[in-house]
Structure formats: C-alpha cells, structure tokens
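Beneath this line is the structure, given in structure tokens, with notes to follow.
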Amino acid sequence: MNERTIANQKIHEGTLILVNRAHPYVERKEDRMELVPAGDRGTEVLLRRRAARLLEELMASIRGWRGIAAVSGWRSMEEQRGIWDDSMLENGEDFTNKYVAAPGCSEHQTGLAIDLGKRQEKIDFIRPEFPYHGLCQTFRRAAPRFGFIERYPRGKEAVTGIGHEPWHFRYVGVPHAAIMEQEGLVLEEYMDFIREYPYGRKARTYEQGGVKVSVSYLPASGGEETRLQTQEDIPCSVSGNNVDGFIITEWRGCYGKAFYEDTRRLRRA
C-alpha cells in the first residue's frame with residue numbers, strides 16, 4: 001500500500017467541485033493559467049485545458065461546430081457581477097435569480113462550464129437556443145462519454161436552485177458524467193450519492209469497453225491534511241467536492257490504466 005497526504009484546502013480543487021449558492025467557488029491563480037480557447041476558430045470563449053480538449057473531441061465526433069456555437073465559458077468575478085447587475089436592471093429579480101448565478105457562485109468562474117447555442121444569426125447570450133432535437137440533441141446524448149453533463153435539467157430546479165438551462169454544460173470527467181446519467185442525478189445529488197461509498201470499504205464501479213473504474217468518497221479529516229492509502233498497482237485520481245471531502249477515482253485493469261494515463265496526458269497537454 002502507498003500512503004499519501006492531501007492538503008485539506010484541496011477540497012476546493014478538481015473537476016468535481018460543486019459550485020452553487022451554498023458553496024461558492026474558491027479561485028486559485030493557477031486556474032487562470034489553464035484557460036485556453038474552446039470552440040471554432042477565433043472564439044474568445046475559454047475553458048480549462050482538459051475540458052476544452054474533451055469538448056473538441058466531442059465536437060469532432062459529431063461535426064458539431066457546423067451547427068453549434070460556443071456562447072460563454074470562463075468568466076471572471078467582475079464579468080459575472082456585471083452580467084448579474086445588468087440582468088437585474090433589464091430583466092428583474094425573479095428572472096435573474098432563476099437564470100443567472102450570483103457573483104462568486106457561478107460555475108462559469110471555474111472554467112469547467114460552457115453555454116452552447118444553436119448556430120444562427122442572433123444568439124441570446126443569457127438564454128441561447130439549444131433544442132432537444134437535431135444536432136444539439138446529438139451533442140447532448142454524446143456528452144457523458146466525454147465527461148460532460150447537462151447541468152440544469154428540467155425537473156431539478158428545486159435541487160440546483162437554477163431554472164432549466166438546456167444550453168449549460170459542465171465538465172465533470174469520466175466516468176462521473178456517465179454514472180450521473182445512469183442514475184438520473186445532478187451534481188448536488190451525486191455528492192450525496194457518492195457518500196454512500198466510503199473509500200476503502202465500498203465503491204461504485206463503472207465498466208465500459210474494457211475500462212473498469214471504481215469511485216468512492218473520502219471525508220476530509222480534522223486538521224490540515226487527510227491521509228489516503230492506495231494500492232501500488234492501481235492508478236488513482238483525486239478531486240475535491242468543494243464541500244467536505246474528496247472523490248477518489250481508481251482505474252483498474254490494463255485498459256483502465258491506459259485510459260487513466262491518457263487523461264493525464266490531456267491534463268499536461
């Protein structure tokens with residue numbers, strides 16, 4: 001067994017962080033260094049490098065950019081505050097609370113979320129059209145295989161605190177997006193779901209195409225660090241949840257190890 005320590009401040013880091021009104025985003029300077037253009041040529045929309053790379057692979061697989069436009073990706077605190085204030089003036093409090101996240105509580109500030117719209121002459125910046133048919137639906141169906149989820153689906157408004165937004169997608173990574181789709185969970189619910197699988201005692205497994213992955217939860221211990229014991233021959237990745245602990249993803253078997261190494265290359269690319 002290998003033992004490693006994780007600084008508890010890292011609960012605010014990783015692709016699975018939950019960001020909403022109850023759990024604001026904790027920004028790091030390093031996060032901005034990971035931002036790259038995401039979309040067709042000339043775009044000013046930014047995402048973190050790994051999310052942008054997987055989005056590009058997804059779009060290439062469906063020839064998505066011919067009919068889909070990147071509308072909004074990473075936003076600074078200042079930009080999010082400006083959007084919030086402008087919407088309050090133009091649309092009122094009810095609309096703004098329903099469709100615009102409060103400054104500091106927006107997934108767009110993480111660099112892991114993107115708004116997409118059907119490519120057309122005029123696109124609404126706040127509520128772009130992204131229907132449940134045609135190329136947009138093809139994207140939606142393919143998204144979990146590349147680590148993306150529709151973040152604010154219809155029927156989950158009471159859970160997410162945000163109105164139905166068919167245009168807003170969030171990168172959470174593989175296999176988490178696929179598990180969330182299978183279980184019908186939004187990210188808030190997934191955090192509770194994973195707590196049912198304590199690390200070292202029980203795991204949620206996912207297998208597809210020769211890749212077997214185990215997912216479990218490790219609460220942050222008291223103090224400044226949390227200890228994690230892992231098996232030497234099983235690669236593992238760790239993401240904070242921005243709440244109270246870490247989600248541990250273990251890649252088992254030769255294909256699982258190869259897939260893990262490929263994701264590591266994506267992070268470095």
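- No path of Ile, Leu, Val, Met, Phe, Trp and Tyr side chains, each step under 4.5 Å between heavy atoms, connects I149 with V159, placing them in separate hydrophobic clusters.
- V36 and W74 are not part of a single hydrophobic cluster, where members link through side-chain heavy atoms under 4.5 Å apart.
- Residue-environment remark: CD (Q120) exceeds the threshold of 12 foreign heavy atoms within 6.0 Å.
- The two residues Y206 and A178 have their closest heavy-atom pair at OH-CB, 3.5 Å.
- Contact annotation: the side chain of F146 never approaches that of L55 to less than 4.5 Å [non-hydrogen atoms, C-beta and beyond].
- For E188 and R151, the salt-bridge test passes: some basic side-chain N is under 4.0 Å from an acidic carboxylate O.
- Scored by the salt bridge (Lys or Arg N to Asp or Glu O under 4.0 Å) test, D244 finds R195 as partners (sequence neighbours excluded).
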side-chain contact (heavy atoms from CB on, under 4.5 Å) between L47 and L112, worked out: CA-CA 6 Å; L47 284 180; L112 296 169; over 6 Å; no
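- Side-chain heavy atoms closer than 4.5 Å link hydrophobic residues (I, L, V, M, F, W, Y) into clusters, and following such links, even through other members, never connects Y199 to F193.
- No hydrogens or angles considered: a donor-acceptor pair under 3.5 Å links the side chains of N8 and T226.
- Side-chain contact between H168 and S72 is absent, with no heavy-atom pair separated by less than 4.5 Å.
- The shortest side-chain heavy-atom distance between P37 and V45 does not fall under the 4.5 Å cut-off.
- Of all the heavy atoms in V174 and G147, the pair that sits closest is CG2-N, 3.7 Å.
- Under the 30°/60° scheme for interplanar angles, the aromatic rings of W167 and Y99 are found to be tilted.
- A 4.5 Å side-chain heavy-atom check between Y132 and R140 finds at least one atom pair inside the cut-off.
- Side-chain atoms of Q109 never come within 3.5 Å of backbone atoms of R75 as a donor-acceptor pair (strictly under, hydrogens ignored).
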Intermediate values then yes/no, side-chain contact (heavy atoms from CB on, under 4.5 Å), R21 and N97: CA-CA 11 Å; R21 285 181 180 270; N97 282 324; 3.0 Å; yes
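- Using bins of under 30°, 30° to 60° and over 60° for the plane-to-plane angle, the ring pair F130/F169 lands in the perpendicular bin.
- If you look at H176 and Y190, their ring centroids are closer than 6.0 Å.
- For the atom pair M191 CE and L187 CG, the distance stands at 4.0 Å (nearest 0.5 Å).
- In this structure, R48 contributes its side chain and R32 its backbone to no donor-acceptor pair below 3.5 Å.
- Between N242 and H12, the side chains place a donor N or O and an acceptor N or O closer than 3.5 Å (distance only, hydrogens not considered).
- Under the 4.5 Å side-chain criterion, counting only non-hydrogen atoms from C-beta, V238 is in contact with R4.
- Taking CD of E129 as the reference point, atom NZ of K118 lies at 5.0 Å (rounded to 0.5 Å).
- Nearest heavy-atom pair across A38 and A70 is O-CB, 3.6 Å.
- Atom CG of residue N241 and atom CZ of residue F246 lie 8.0 Å apart, to the nearest 0.5 angstrom.
- Contacts classified as salt bridge (Lys or Arg N to Asp or Glu O under 4.0 Å) and involving residues 157-173 (residues at least two apart or in different chains) are given here: E107-R170.
- A distance of 12.5 Å separates OG of S106 from CZ of R81, quoted to the nearest 0.5 Å.
- Residues R66 and L135 have side chains in contact (heavy-atom distance under 4.5 Å, counting atoms from C-beta outward).
- One finds no salt bridge joining R204 and E196 here, because no Lys/Arg side-chain nitrogen approaches an Asp/Glu carboxylate oxygen to under 4.0 Å.
- R50 forms no cation-pi arrangement with Y171, by the criterion of a distance under 6.0 Å to the ring centre and an angle within 45° of the ring axis.
- Atoms OG1 and CD1, from T138 and I62 in turn, are 6.0 Å apart once rounded to the nearest 0.5 Å.
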side-chain contact (heavy atoms from CB on, under 4.5 Å) assessment of T110 paired with I17: CA-CA 9 Å; T110 69; I17 54 173; 4.1 Å; yes
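- The shortest heavy-atom contact between A220 and I11 is CB-CG2, 4.1 Å.
- Taking 4.5 Å as the limit, some side-chain heavy atom of K156 sits within range of a side-chain heavy atom of E189.
- Counting heavy atoms from C-beta outward, E150 and P166 have side chains that approach closer than 4.5 Å.
- Checked for salt-bridge contact, E13 and K10 meet the test: a charged N lies under 4.0 Å from a carboxylate O.
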Pair E90-F95, side-chain contact (heavy atoms from CB on, under 4.5 Å): steps then yes or no: CA-CA 10 Å; E90 296 174 9; F95 178 96; over 6 Å; no
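- Here D115 does not pair with R127 in a salt bridge; the nearest charged N to carboxylate O distance is not below 4.0 Å.
- Around the CZ atom of R154, the shell of radius 6.0 Å holds no more than 12 heavy atoms that belong to other residues, nucleotides or ligands.
- Hydrophobic clustering (ILVMFWY, side-chain heavy atoms < 4.5 Å, transitive): I179 and I247 are in one cluster.
- Within 6.0 Å of CG on D94 lie no more than 12 heavy atoms contributed by other residues, nucleotides or ligands.
- Rounded to the nearest 0.5 Å, atoms CD1 (I83) and CG (D85) are 10.5 Å apart.
- No side-chain donor from either of Q80 and Y25 sits under 3.5 Å from a side-chain acceptor of the other.
- Cluster membership check: V243 shares its hydrophobic cluster with Y197, using side-chain heavy-atom separations under 4.5 Å among Ile, Leu, Val, Met, Phe, Trp and Tyr.
- Residues A203 and S214 share a closest heavy-atom pair of CB-CB, 4.0 Å.
- For E93, the CD atom sits in a loose shell: 12 or fewer heavy atoms of surrounding residues, nucleotides or ligands are nearer than 6.0 Å.
- Smallest separation of non-hydrogen atoms from S87 and T96: OG-OG1, 2.8 Å.
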